[in-house]
Amino acid sequence: MFLVIGSNMTEAHPVAATFVKNAVLRGAQLIVADPRKHPLADHASLHVPIRVGSDIAFINALMHVLIKEDLYDKAFVNSCTVDFDKLKEKVMEYPPERAADICGVSPDMIRDAARRLASVKPVMLCYTLGITEHTCGRNNVLSTANLQMLLGNMGVECGGVNPLRGQNNVQGACDMGALPNVFPGYQPVTSADARAKFEDAWGVENLPDKNGLMIPQMMEGLVDGKVRAFYIFGENLANTEPDIRKVEHELASAEFLVCQDIFPNETTRFAHVVFPAAAWSENDGTFTNSERRVSRVRTASKAPGQAMPNWWIFKQIAKRMGQDWASDSARELWDNEISVLAPQLCGIKYRRLEGDGLQWPCPDEDHPGTCFLHKEGQFTCGLGVFTPVEWTPPAEVPDEEYPFVLSTGRRLAHYHTRTQTGRCEGLNDILGEETADISPFDAADMKIGHGDMIRVSSRRGEVQVKANVTDQVPKGMVWMAFHFRDACANWLTNPAFDPVTLTAEYKACAVRIEK
Amino acid sequence: MSDNMFVLNGREVSFDPGQTILEAAEACGVQIPTLCHLKGTTPTGECRICVVEVQGADMLVTSCSTPVEAGMQVKTESPRVVTERKKILEQLLTSGNHNCAISGSDNGNWTEFQLQVQKNDASSELCPVWGDCKLQELAYQYQVKITPSSPQRDYYPSEMANPMIIRDFSRCILCGRCIKACNEVQVNRAISMGYEGDKAKVVTPGDHPLSESDCVFCGECVQACPVGALVEKKARHIWRPWETEKIRTTCPYCGVGCQQLLHVKDGKIVKVTGVEDAEPNQGRLCVKGRFGYDFIYSKDRLKTPLIRENNEFREASWDEALDLVARKFKEIIRENGPDAIAGVSCARSINEDSYQMQKLFRAVIGTNNIDHCART
Ligand code: SF4
Ligand code: SF4
Ligand code: SF4
C-alpha cells in the first residue's frame, strides 16, 4: 500500500510513478492526499483532496483515529520509539471533525483513510515538495515520520518515509556538504573533531566554526552589503526564487557577482564575471538519486569552446588564492577525497560503480550498500522520537482582496526554468507556454473560457497567462509552474520561509484572477 | 524424474514452479526467439514465433504463455518448429514495407519496391532501424527470403504530426508490445489495438494522433517496438547502430536517477534509451530523460569567460577572468573578512563539483557561507 502526499509523481518523478502504478495493477492500494486530482489520483483507491497547507491537521487527525480506535502498532511504538505520550496528547486535539474543517474533506473520509492505513503492512509513504515548500515544511516532514512510526512502518522494505528529491542531485549536493552547517558526510562544522579532521585532510588551519548563511540570508546580505561577493554556480535564482522583483533587486545590489553556468540566463544578466562550464555528459562524475544511490555520469561529447568542468574552475581559483590541490579529475576527487572523508561513502569507489551504482551508507569496500534505513527499528539516535506538531496555516491565506490560493510546481515536459528543456527539439512543441490551471466552477463563475487570457496577481506582482480550465484543480485554487519567464509563478509567490529550513512557501500564497 | 525437472532439447534441467517454458529455457541459457513478448508483462502468444514442440501435444505451443510441467519433453529448434517459424517470418515480412536487405535483393521487383518504400518514407535511406530490428535478425537466423511484392493491404499513413515519435504503420507487425509497454509498464493507457482483421491498427481512443491523446511521450513504446514501426523523430536516419557507441550514464533531470544509454555518433548524442534491467529504472525513461538531451548542443552555450565592462559583457581569457575573481575575493577577505563572500552550489551538477565548491569556500576563502537549493 502507498500513501502519496504532496507529490505530483506522474509529472515530477514519472518513472518512480510507473512503479507505483505497476504495484496498483498488481493489487496494491494507493491513497493520494493532494489538493489536486492529478494523474496519479486516477489510479488511487482513495483520493483525499485536502486543502493546500492542511497536511499537519490531516495527519494529526489520522493519528487521532489510529490511537482512538486502537489501530496503531503497539509493539513497534513500545520497543522502538519514545515520547508516545506527548504525541498522543497533541493529536487528541485533532478529532476528525476539527481536521475536516481545516482540510475541507469529510470526517468520514479521514477515518476511512486511517483505517485503510492500519489494515495493511507495510505502507510506503512518499512525499515531495508539497510537503516541504511551506512555512511549516519542517513540521510537515515530522508529521509524516510520526505517522509512519505510529503505524510501525519504519525500517522495513517498502515502508518508511520516502522524499522524492526534486532535482537529480540534491541528495548529492547535501551529501557533499554544500550546506552552511555541515562538511561532506553531514559532519557538523561546529564540531571541533570534524574541523580537525578536515583541517588535516585539506592541509589548512582554522576552518570556520560557525554555521554559514542560507540562500535567503545571502540574498538579503547583498542588499545591506554584508555579503559583498556572491558566487552562483548553476542556479537561475532570478526565476526560481519566490517574488522575482525582490530577487532581482537583491541580485542587482551585488557588489561582485560571479556566475558559472552553461547558458546565459536571467541571473547571469546581473553578473560581473561569467564562467562557461561543461555540461552533463561533457565530463565524468557521479550523481546521487533519491534512494541515496550513487551512479556514474559519463562523458559523451566535448564541451563547446573554452567551457571547462566545474571542479576545474574551482581548483584554478583555489590555486590563485594560494592552494594547490592534488586531485585532477572527478574520479580522483571521489576516490581520494570524498570517499575518504565522508564515513557513509567510504566503501564507494569508482571501480565499484560500473553497473547499478551503490546506495549509501556503504562503510567499507566489501559492503553491498544499503537499500533502506532504520532497519529493525534502528534510528541514528537510537530510538525514534515522536515530535508532536501543531498545524499552522500558510503565511498568506486567501482574503477578500486576493480570494484564491496559488500553488506551484513542475509540469512533465519541462524542467525548472527551461534553460535545458527549452533548448531540446520537440519539448517546446509538447508544452509551449505557461497556463494558469483553474477549476470549472471558478471558470464558469467568472465566465472564463478555456484558453482565455487572464490576469493573475498577488501582493507582489502580476502575470498575463492563458487559463487552463481543468477538473484537476479544486474550486478556489490556481495552479501554475515556473517554466516560462513571462508567466512565471514566481512573480507572484510569497517569500515567506520555514523558520528552520528557510524553505520558501512556493505552495501557497493568495492571488486574484481577472479576465 | 523429480518434480522440478523437465527435458529441454534432450537435456534434463530444473525449473521453478510457475515458470513458463520460455523463462525456464532462458534460465538455463537456451534462447527461444520472441517478438510480441515483453518481459514483466502478461504474455499474449500473439506472434507465435516462440513456438516449441512438446512431446505428446498435437500442436506446437507458445513458450511464452505455457507453464512448464514436470517431466515435459520440449524441443526448441526441431524441424517442425523451424518450419513454423519460417512461415511466420515470411508472413510478417511480406505484410509490410520491410525494405532491408533480407528481402530478395537479386529479384527484379526489389528496386521498384525499394523506390516505392523510400517514396513513402520521404527519405532516400533504408528502413531507419536497419541493423537493430528483431524481425530482420530472425529472418537472417532462419534464412528467410521473400519476394517483395506490392503491398497486400492499404497501409494507414504514417503519423508524423507530433514532435517526438514517428508511427510508421507500414512496418507494424501488430505484435502489441507497444501496447503492453504503455499499459502495463508505464501505465499511461494511451494506446490499444483497434479495428478488426486486416484493418487492425494500434490506436489511441478515437484513433486520434498521439499529440491529441493521453500520450505523455515517454517513448516506452518506441523502445519496445521490435521493428521500425515506432522510431524517434530526432534520431530517424541519423542513428545507425554500427556507427554509434553506447555510453551508460545517469539522467540529468529529476531525483529518480534513471540509467540511460547514450547512443553517440561522432561525439554527439543522437538518441537515448533506458538501460534494460538496470536499477533504479529497469529500462524506463520519461519524456525528459529520453528526449531532453540536445540542449548541450545549443548555439546559446556559454563558450568563453565573460567580464562585465561598462555594463556590457566582453569575452575574456580564463587567466584574466580567474585572476579577477581571485583578486576581488582576496580584497574582500582583507577588508571585511571571509564571511562577506557567499556561494550557492548546483543541485544539478555532479557530486565532485559540489564537493570542490564547498572546499573552496571552507578551506580557501574561510567561510561556511555555502548552500544550494537543498529544499526545493
Ligand atoms: S510514448 Fe509512452 S504514453 Fe505515448 S503511446 Fe508510447 S508508451 Fe504510451
Ligand atoms: S508499433 Fe511496433 S510494437 Fe507496436 S504493434 Fe506495431 S510492431 Fe508491435
Ligand atoms: S528519465 Fe525522467 S523520471 Fe527518470 S530521472 Fe530522468 S527525469 Fe527523472
Side-chain angles (χ1 to χ4, degrees), chain A residues 13-16 18 21 165 167 170 172-173 176-178 180 189 202 204 208 212-215 218 227-229 231-234 256 272 274 276 279-280 285-287 289-290 295 297-298 300-301 304-306 310-311 314 316 318 320-321 330 333 338 356 415 420-421 423-424 426 429 501 503, chain B residues 163-164 186-187 247 249-250 252-258 262 264 267 269 279 281 284 286-287 292 294-296 298 300-304 306-308 321-322 325-326 328 332 340-347 349-358 360 363-364 367-369 371-372 374-375:
Chain A
H13 299 90
V15 169
T18 65
K21 293 186 282 184
R165 308 306 306 250
Q167 309 183 59
V170 199
M176 292 304 109
V189 296
W202 291 341
V204 294
L213 303 175
M214 294 195 247
I215 295 176
M218 294 176 182
V227 174
R228 291 181 56 195
Y231 195 150
I232 303 177
F233 161 29
F256 187 63
H272 297 90
V274 180
W280 164 83
T286 54
F287 287 154
N289 77 352
S290 297
S295 299
V297 182
R298 293 185 177 82
S301 22
Q306 301 178 41
N310 295 290
W311 57 262
F314 297 126
Q316 303 313 309
R320 283 168 173 76
M321 295 179 73
L333 277 164
I338 298 165
D356 289 344
Y415 197 86
Q420 297 174 358
T421 52
R423 291 183 174 94
C424 293
D429 299 327
T501 66
T503 300
Chain B
M164 296 309 183
Q186 291 262 350
V187 207
I247 299 177
T249 197
T250 307
Y253 292 104
C254 86
V256 177
C258 293
L262 307 178
V264 181
I269 304 168
E279 291 302 331
N281 52 316
R284 308 168 186 192
C286 77
V287 61
D294 41 342
F295 67 91
I296 54 173
S298 158
D300 304 340
R301 283 289 298 274
L302 287 167
K303 296 187 190 75
T304 57
L306 302 173
I307 292 179
R308 177 184 298 276
L322 289 164
V325 170
K328 188 78 190 176
I332 292 173
I341 302 175
V344 175
S345 186
C346 175
S349 195
I350 54 175
N351 285 320
E352 292 79 357
D353 290 341
S354 269
Y355 170 82
Q356 194 85 327
M357 186 173 189
Q358 62 85 38
L360 174 70
V364 180
T367 177
N368 285 315
N369 289 343
D371 200 1
H372 71 284
R375 296 150 297 260

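In what follows, chains are A, B, ... by sequence order, proteins preceding strands, each numbered from 1.
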**Contacts of A:Ser295 that satisfy side-chain contact (heavy atoms from CB on, under 4.5 Å) - sequence neighbours left out** = A:Arg293, B:Thr250, B:Gln259
**Request:** Give, for atom OG1 of A:Thr18 and atom CD of B:Gln186, the distance between the pair rounded to the nearest 0.5 Å.
**Result:** 5.0 Å
**Message:** Please evaluate residues A:Arg228 and B:Ile341 with respect to the criterion side-chain contact (heavy atoms from CB on, under 4.5 Å), reporting the C-alpha separation (whole Å), side-chain torsions for both, the decisive distance (0.1 Å), and the verdict.
**Reply:** CA-CA 6 Å; A:Arg228 291 181 56 195; B:Ile341 302 175; over 6 Å; no
**Request:** Nearest 0.5 Å please: distance from the OG1 atom of A:Thr286 over to the CD1 atom of B:Ile350.
**Result:** 6.5 Å
**Request:** Take B:Val344 and A:Phe233, measure what side-chain contact (heavy atoms from CB on, under 4.5 Å) needs, and give me the verdict at the end.
**Result:** CA-CA 6 Å; B:Val344 175; A:Phe233 161 29; over 6 Å; no
**Region of B:Ile247 that comes under 4.5 Å of a non-hydrogen atom in chain A** = side chain
**Item:** Pick from B:Thr367, B:Thr304, B:Val264, B:Asn281 with the largest number of heavy-atom pairs that fall under 4.5 Å of chain A
**Value:** B:Thr304
**Complete:** If you tally heavy-atom pairs under 4.5 Å between each of A:Gln316, A:Met321, A:Arg320 and chain B, the highest tally belongs to A:Arg320
**Fill in**
Nearest heavy-atom contact between B:Leu262 and A:Ala300 is CD1-CB, 3.7 Å
**Request:** Using non-hydrogen atoms and a 4.5 Å limit, figure out which bit of A:Phe287 sits close to chain B: side chain, backbone, both or neither.
**Result:** both
**Request:** Between chain B and each of A:Ala318, A:Ala279, A:Ala173, count heavy-atom pairs under 4.5 Å; write down the option with the most.
**Result:** A:Ala173
**Item:** Nearest heavy atoms of A:Met176 and B:Asn351, plus distance in Å
**Value:** CG-O, 3.3 Å
**Complete:** Pair count under 4.5 Å, heavy atoms only, with chain B: among A:Pro14, A:Ala330, A:Gly305, A:Ala16, highest is A:Ala330
**Item:** Main-chain N/O of A:Ala178 paired to B:Ser354 side chain as donor or acceptor, under 3.5 Å
**Value:** no
**Request:** For the pair A:His13 (side chain) and B:Val256 (backbone), establish whether a donor and an acceptor sit closer than 3.5 Å, ignoring hydrogens and angles.
**Result:** no
**Request:** Please examine the side chains of B:Ile307 and A:His272, heavy atoms only from C-beta on, and report whether any two atoms are closer than 4.5 Å.
**Result:** no
**Request:** Measure the acute angle between the ring planes of B:Phe295 and A:Trp280, then classify it against the limits of 30° and 60° as parallel, tilted or perpendicular.
**Result:** parallel
**Prompt:** What part of B:Met357 is in contact with chain A, defined as an atom under 4.5 angstrom from a non-hydrogen atom: side chain, backbone, both or neither?
**Reply:** both
**Request:** Side-chain contact test, heavy atoms from C-beta onward, threshold under 4.5 Å: evaluate it for A:Asn310 versus B:Gln356 and give yes or no.
**Result:** no
**Asked** Rounded to the nearest 0.5 Å, how far apart are OG of B:Ser345 and CD1 of A:Ile232?
**Response** 12.0 Å
**Request:** Give the member of A:Pro208, A:Ser301, A:Gly234 that has the highest number of heavy-atom pairs under 4.5 Å with chain B.
**Result:** A:Pro208
**Asked** About how many Å separate CZ of A:Phe314 and CD of B:Glu352, when rounded to the nearest 0.5 Å?
**Response** 12.5 Å
**Request:** With a 4.5 Å cut-off on heavy-atom pairs, point out which of B:Arg284, B:Lys303, B:Gln358, B:Met164 contacts chain A the most.
**Result:** B:Arg284
**Request:** Can you tell which part of B:Val325 gets under 4.5 Å to a heavy atom of chain A, answering side chain, backbone, both or neither?
**Result:** both
**Request:** Kindly determine whether B:Thr249 and A:Arg298 satisfy side-chain hydrogen bond (donor to acceptor under 3.5 Å, both in side chains), including the steps that lead there.
**Result:** CA-CA 5 Å; B:Thr249 197; A:Arg298 293 185 177 82; 5.8 Å; no
**Asked** Heavy-atom distance under 4.5 Å to chain B: side chain of A:Val274, backbone, both or neither?
**Response** both
**Item:** Contact leader toward chain A among B:Leu302, B:Ile332, B:Asn369, B:Val364, where contacts are heavy-atom pairs under 4.5 Å
**Value:** B:Leu302
**Message:** Which heavy atom of B:Cys286 sits nearest to which heavy atom of A:Val15, and what is that distance?
**Reply:** N-CG2, 3.8 Å
**Prompt:** Looking at B:Val187 and A:Lys21, what are the two nearest heavy atoms and their distance?
**Reply:** O-NZ, 3.3 Å
**Prompt:** Out of A:Gly212, A:Gly172, A:Ala229, which one racks up the most heavy-atom pairs below 4.5 Å with chain B?
**Reply:** A:Ala229
